[in-house]
Amino acid sequence: MGSQGMSSPSPLVVKKSQVVIVKPSKATPDVSLSLSTLDNDPYLETLAKTIYVYAPPSPNDHVHDPASLFQQALSDALVYYYPLAGKLHRGSHDHRLELRCSPAEGVPFVRATADCTLSSLNYLKDMDTDLHQLVPCDVAVPSGGYNPLALQITLFACGGLTLATALSHSLCDGFGASQFFKTLTELAAGKTQPSIIPVWDRHRLTSNNFNLNGQVEGGQAPKVVDFGEACSSVATSPYTPSIDMVCEILNVTSEDITQLKEKVAGEVTTLEILAAHVWRARCRALKLSPDGTSLFGMAVGIRRIVEPPLPEGYYGNAFVKANVAMKAGELSNSPLSHVVQLIKEAKKAALEKRYVLEQLRETEKTLKMKVACEGGKGAFMLLTDWRQLGLLDEIDFGYGGSVNIIPLVPKYLPDICIFLPRKQGGVRVLVTLPKSVMVNFKEHMNPLNT
């Protein structure tokens, strides 16, 4: 198991041009849009920043002006995704999000250049200190909300480039973000319309409209572990809080995963075994207080269980959190098989319609109470799995496929863990931990040390 260290110094210096506001290339509605209950979850209100890295194209595939190509592709994409050109704000009274769309609005687009080559930076596989230069900056808006989307294209001296998006998680989940990015690259590649036409339909996922369709509402609903409650008894670590946080991507090979699965009797998925292994390794490395709570949360898609099914083009949040709470001492000393079983049970419960309805209602309560939780400072692990988003199934707009995809997770959010696809097989695991903990964490991640 290797790792991509993401904190070494680099010669990266990015020069940015003035921000251009890109508007839809055709007329779009002047309208205010409401969002689903899941979209309104205050824990999701963040700009998810992702960098796509592309090596220089071959001479036969040379693209004359990729920045102009993508500026036009963005303008054409916004005809279909015009809500992403709106302004998003949360009401002060009902604490609900509202999206204001008007023909005058657009998406901030930044052109940038870097004098170095991507190969000299190992295609951004060994650094994170300077990556903020490659993503569009948050643009403060005095009134009227903020932009839910911004893009930056950075051209390198070698002819390679990076495309970076800052996209509101309140408007798109991972599938939605992947769907939009695919549209962007399809239009850049010369297609006249997206292969998947986006659909809004956010009213479908509200507590008032969610359809149980035959499931009896009475009786004991599956228990929803509440993050706010978990905050009151959260485990502590002698290493947190820390100002010296590092983000790394660990390469877990297929062989590593096979070794882990052999330690558990019965059928187990890669997601289940690796989630249990990472959660327990984090707990041990952080030396969490044994009597405190460690909480594991995992996004579970519900597109298939909603009835009638959500349309293919739905790009809003369509997942619930499958949560497991354990005393840190119990987690640290448990065999993998026990942790895997708890995760299996949480996943199964999350796919019940009554659980989904209960989570919708809990989110509505959170909005009314304006509950806030600062997180677990490492005692929580919030997992999202990007391996099924089709990130490796890419459209060639002249640069082939991406050679690296980097989610930029803020270091003040150490709870977040992302499973990324790995072209060679296996999984890339993104984690953020105090620098003094990372070496110990890697030791606990070794399948031979479980």
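Please read all numbers here as calculations on a predicted model, not as lab measurements. Residue numbers start at 1 and run along the sequence shown. When reading the values below, keep in mind they use all heavy atoms of this one structure, side chains included, and skip hydrogens, waters and symmetry mates.
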### Message
Is there a side-chain contact (heavy atoms from CB on, under 4.5 Å) between W279 and V324? Walk through the geometry before answering.
### Response
CA-CA 11 Å; W279 184 26; V324 181; 3.8 Å; yes
### Message
The criterion is side-chain hydrogen bond (donor to acceptor under 3.5 Å, both in side chains); which residues satisfy it with T270, sequence neighbours excluded?
### Response
K261
### Query
So do V431 and M438 actually touch side chain to side chain, heavy atoms under 4.5 Å?
yes
### Query
Backbone N or O of Q152 within a donor-acceptor pair of the R111 side chain at under 3.5 Å?
no
### Task
Heavy atoms only: give me the nearest V429-L274 pair and the separation to one decimal.
CG2-CD2, 3.9 Å
### Task
Dump the intermediate steps for side-chain contact (heavy atoms from CB on, under 4.5 Å) on R100 and D30, then the final yes or no.
CA-CA 8 Å; R100 179 74 187 118; D30 187 340; 2.6 Å; yes
### Task
Given side-chain contact (heavy atoms from CB on, under 4.5 Å), test Y123 with T162 step by step and report yes or no.
CA-CA 10 Å; Y123 298 94; T162 59; over 6 Å; no
### Message
Out of the candidates N40, D39, D41, D173, only one should pair with N317 under the side chain to side chain donor-acceptor pair (under 3.5 Å) rule; please name it.
### Response
D39
### Task
Would you check if L121 and P11 make a side-chain contact, meaning some heavy-atom pair closer than 4.5 Å?
yes
### Task
Please examine the side chains of S170 and L88, heavy atoms only from C-beta on, and report whether any two atoms are closer than 4.5 Å.
yes
#### Entry: Six-ring centre of Y314, R202 cation under 6.0 angstrom, axis tolerance 45°
yes
### Summary
Nearest heavy-atom approach of K16 to Q133 is CE-O, 3.0 Å
### Residue pair N147 / L47: nearest heavy atoms and the distance that separates them
O-CD2, 4.0 Å
### Query
How about E312: does its CD atom have over 12 heavy atoms from other parts shown lying under 6.0 Å from it?
no
### Query
Hey, is the main chain of L44 close enough, under 3.5 Å, to the side chain of H169 for a donor-acceptor pair?
no
### Query
Below 4.5 Å, heavy atoms only, C-beta onward: do F441 and V278 meet side chain to side chain?
yes
### Task
Check whether any side-chain N or O of S36 sits under 3.5 Å from a backbone N or O of H203 as a donor-acceptor pair, and report yes or no.
no
## Note on the structure
What one should report as the nearest heavy-atom pair of P83 and L33 is CG-CD1, 3.8 Å
### Task
With sequence neighbours excluded, tell me which residues meet side-chain hydrogen bond (donor to acceptor under 3.5 Å, both in side chains) with K348.
none
### Message
Side chains of F319 and T384, heavy atoms from C-beta outward: is any pair under 4.5 Å?
### Response
no
## Note on the structure
Shortest non-hydrogen pair, D201 vs P311, comes out as OD2-CG, 3.9 Å
### Query
Quick one: do E364 and R96 make a salt bridge, cutoff under 4.0 Å?
yes
### Summary
Smallest heavy-atom separation, P421 atom then R387 atom, equals N-CG, 3.8 Å
#### Entry: Test applied, ring pair (Phe, Tyr, Trp, His ring centres under 6.0 Å); reference residue, Y315; option that passes from F180, Y81, F175, F181
Y81
### Task
Evaluate the side-chain hydrogen bond (donor to acceptor under 3.5 Å, both in side chains) criterion for residues W386 and S178: first the C-alpha distance (whole Å), next the side-chain angles of each, then the deciding distance (0.1 Å), finally the verdict.
CA-CA 10 Å; W386 283 24; S178 179; over 6 Å; no
### Test side-chain contact (heavy atoms from CB on, under 4.5 Å) applied to I51 and V135, step by step
CA-CA 7 Å; I51 302 172; V135 299; 3.7 Å; yes
### Task
Evaluate the side-chain proximity of V14 to L134: yes if any heavy-atom separation is below 4.5 Å, no if none is.
yes
### Query
Does some side-chain heavy atom of I257 sit less than 4.5 Å from a side-chain heavy atom of H277?
no
### Heavy-atom side-chain proximity of D76 to Q72 below 4.5 angstrom
yes
### Task
Go through the side-chain N and O atoms of R422 and T253 and say whether any donor and acceptor fall under 3.5 Å apart.
no
